[in-house]
Protein chains: 2
Amino acid sequence: MDQEQALTALAALSHPTRLDTFRMLVRHAPKGCTTGELVEATGLSQSTFSTHLAVLAKAGLVRSHKQGRHHLQCADIDTLRALILFLATDCCQGRADLCEPLLADLAC
Amino acid sequence: MDQEQALTALAALSHPTRLDTFRMLVRHAPKGCTTGELVEATGLSQSTFSTHLAVLAKAGLVRSHKQGRHHLQCADIDTLRALILFLATDCCQGRADLCEPLLADLAC
DNA sequence: TCAATCCATCGGCAATTTCCGATGGGAATT
DNA sequence: AATTCCCATCGGAAATTGCCGATGGATTGA
């Protein structure tokens with residue numbers, strides 16, 4: 001993941017609705033949720049939510065495929081992992097000492 | 001780190017100038033850089049950069065303390081670590097299987 | 001004390017983001 | 001074929017963000 005992709009992903013996640021949506025999709029991974037379920041969960045209008053979803057999709061954080069009449073939305077864990085790695089690389093770059101506490105905390 | 005703090009940090013890092021600045025400060029951690037050095041690196045006006053710096057500071061990603069006439073800016077690695085952990089927790093929540101590849105990549 | 005340096009804040013303008021209702025295309029059901 | 005359902009896109013209004021020059025407070029050095 002390069003800096004431009006990271007910026008797009010960070011911007012996508014920096015909005016309450018989009019972060020909530022993404023976290024909900026991660027919790028439901030890898031099955032996913034339909035767009036309608038997500039709209040209902042946010043309480044926003046359908047059109048407004050659609051634009052939020054497009055932002056997440058453009059960032060590669062969410063992928064969708066049709067299932068019957070519905071669209072099934074799925075979090076892309078690989079992209080999340082790439083974003084985390086991008087941030088962690090900054091933190092580690094030539095300084096493994098700074099990164100050790102992070103690795104310890106991550107041993108979930 | 002709660003969701004509101006995470007949102008503030010994500011928004012702070014989602015701007016090219018602020019992400020560049022933060023990465024530069026991480027590279028210079030823990031010594032830091034003066035505000036003037038950062039202004040020069042970005043090429044923006046002093047006032048514009050000052051507002052960017054305030055966004056990073058409000059998010060807890062950058063701390064500053066006076067040193068003579070200058071202000072020394074330092075990246076707060078703990079906050080970065082907390083943000084990474086916040087994102088990774090979503091990814092791991094009850095699903096350690098999803099997180100193992102991340103840990104493997106992080107072994108830098 | 002006086003001038004110079006560093007940086008935060010203000011006022012204002014332009015661009016972007018966010019929200020909504022309305023419209024319309026595509027797919028399943030009748 | 002007609003209807004219903006699901007969702008993307010359009011147009012427009014309101015709010016936010018990003019940029020700058022100018023101003024002023026704080027501190028150092030002459």
Side-chain angles (χ1 to χ4, degrees), chain A residues 3-25 28 31-76, chain B residues 3-25 28 31-76:
Chain A
Q3 176 135 347
E4 192 176 329
Q5 292 175 301
L7 278 169
T8 306
L10 289 166
L13 294 177
S14 71
H15 187 283
T17 295
R18 293 194 295 261
L19 184 56
D20 281 339
T21 297
F22 182 69
R23 298 183 78 188
M24 178 171 170
L25 288 177
H28 287 80
K31 197 181 64 181
C33 303
T34 67
T35 310
E37 289 171 339
L38 297 170
V39 168
E40 192 178 6
T42 64
L44 291 176
S45 77
Q46 179 267 321
S47 65
T48 297
F49 180 77
S50 183
T51 64
H52 282 309
L53 200 54
V55 172
L56 288 168
K58 188 178 178 186
L61 288 163
V62 167
R63 310 209 177 276
S64 80
H65 54 92
K66 297 187 180 179
Q67 184 174 31
R69 188 149 44 184
H70 302 264
H71 290 202
L72 199 57
Q73 309 293 334
C74 299
D76 189 323
Chain B
Q3 174 136 348
E4 193 177 327
Q5 292 175 302
L7 278 169
T8 306
L10 290 166
L13 294 177
S14 71
H15 187 281
T17 294
R18 293 195 295 262
L19 183 56
D20 282 338
T21 297
F22 182 69
R23 298 183 79 187
M24 177 171 171
L25 288 177
H28 288 80
K31 197 181 62 180
C33 303
T34 68
T35 311
E37 289 172 341
L38 297 170
V39 168
E40 191 178 6
T42 64
L44 290 175
S45 78
Q46 179 267 322
S47 65
T48 297
F49 180 78
S50 182
T51 63
H52 282 309
L53 200 54
V55 173
L56 287 168
K58 188 177 177 186
L61 288 163
V62 168
R63 286 176 294 104
S64 82
H65 54 90
K66 296 188 181 180
Q67 185 174 21
R69 189 146 48 184
H70 303 264
H71 291 202
L72 198 57
Q73 309 294 334
C74 298
D76 189 324

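Convention: sequence-line order gives letters A, B, ...; per-chain numbering from 1.
Taking only side-chain nitrogens and oxygens, A:His70 never comes nearer than 4.0 Å to OP1 or OP2 of C:dA28. Residue B:Thr35 places at least one side-chain N or O closer than 4.0 Å to OP1 or OP2 of C:dC7. For the OP1/OP2 pair of D:dG18 and a distance below 4.0 Å, the side-chain nitrogens and oxygens of B:Arg18 include at least one atom meeting the criterion. Applying the 4.0 Å criterion to OP1 and OP2 of D:dC19, one finds that B:His15 has a side-chain N or O inside that range. For A:His52, a side-chain nitrogen or oxygen approaches OP1 or OP2 of C:dC19 to under 4.0 Å. For the pair B:Thr48 and D:dG18, the criterion of a side-chain N or O lying under 4.0 Å from OP1 or OP2 is not met.
In this structure, A:His71 atom NE2 and D:dC6 atom P are separated by 11 Å, rounded to whole Å. Going from atom CD of A:Glu37 over to atom P of D:dC7 covers 9 Å, rounded to whole Å. As a whole-Å value, the separation of B:Arg69 CZ from C:dC7 C1' is 12 Å. Separating the NE2 atom of B:His65 from the P atom of C:dA8 is a distance of 14 Å, rounded to the nearest angstrom. The distance from atom CZ of B:Phe49 to atom P of D:dC20 is 12 Å, rounded to the nearest whole Å. Residue B:Gln46 contributes atom CD, which lies 13 Å from atom C1' of C:dC10 at whole-angstrom precision.
Counting all heavy atoms, side chain and backbone alike, B:Ala41 lies closest to B:Met24 at CB-SD, 3.9 Å. Across all their heavy atoms, A:Cys33 and A:His28 have their closest contact at SG-CG, 3.6 Å. Of all the heavy atoms in A:Gly32 and A:Cys74, the pair that sits closest is CA-SG, 4.0 Å. The two residues A:Leu72 and A:Lys31 have their closest heavy-atom pair at CD2-O, 3.4 Å. Here the shortest heavy-atom pairing between B:Phe49 and B:Leu38 reads CZ-CB, 3.3 Å. For A:Thr35 against A:Leu53, the heavy-atom pair with the smallest separation is CG2-CD2, 3.9 Å.
When each of C:dA8, D:dA8, C:dA28 is scored by its nearest atom to the side-chain atoms of B:Gln73, the top-ranked nucleotide is C:dA8. When distances run from any side-chain atom of A:Ser45 to the nucleotides C:dG21, D:dG29, C:dC19, the shortest one goes to C:dG21. Residue A:Lys66 places its side chain closer to C:dA27 than to any other of C:dA27, C:dC20, D:dT9.
The base of D:dG21 sits within donor-acceptor range of the side chain of B:Ser47, with an N or O pair under 3.5 Å.
At most 12 non-hydrogen atoms from other residues, nucleotides or ligands lie less than 6.0 angstrom from CD of A:Glu40.
A heavy atom lying under 4.0 Å from DNA chain D marks none of the residues of residues 53-60 of chain B.
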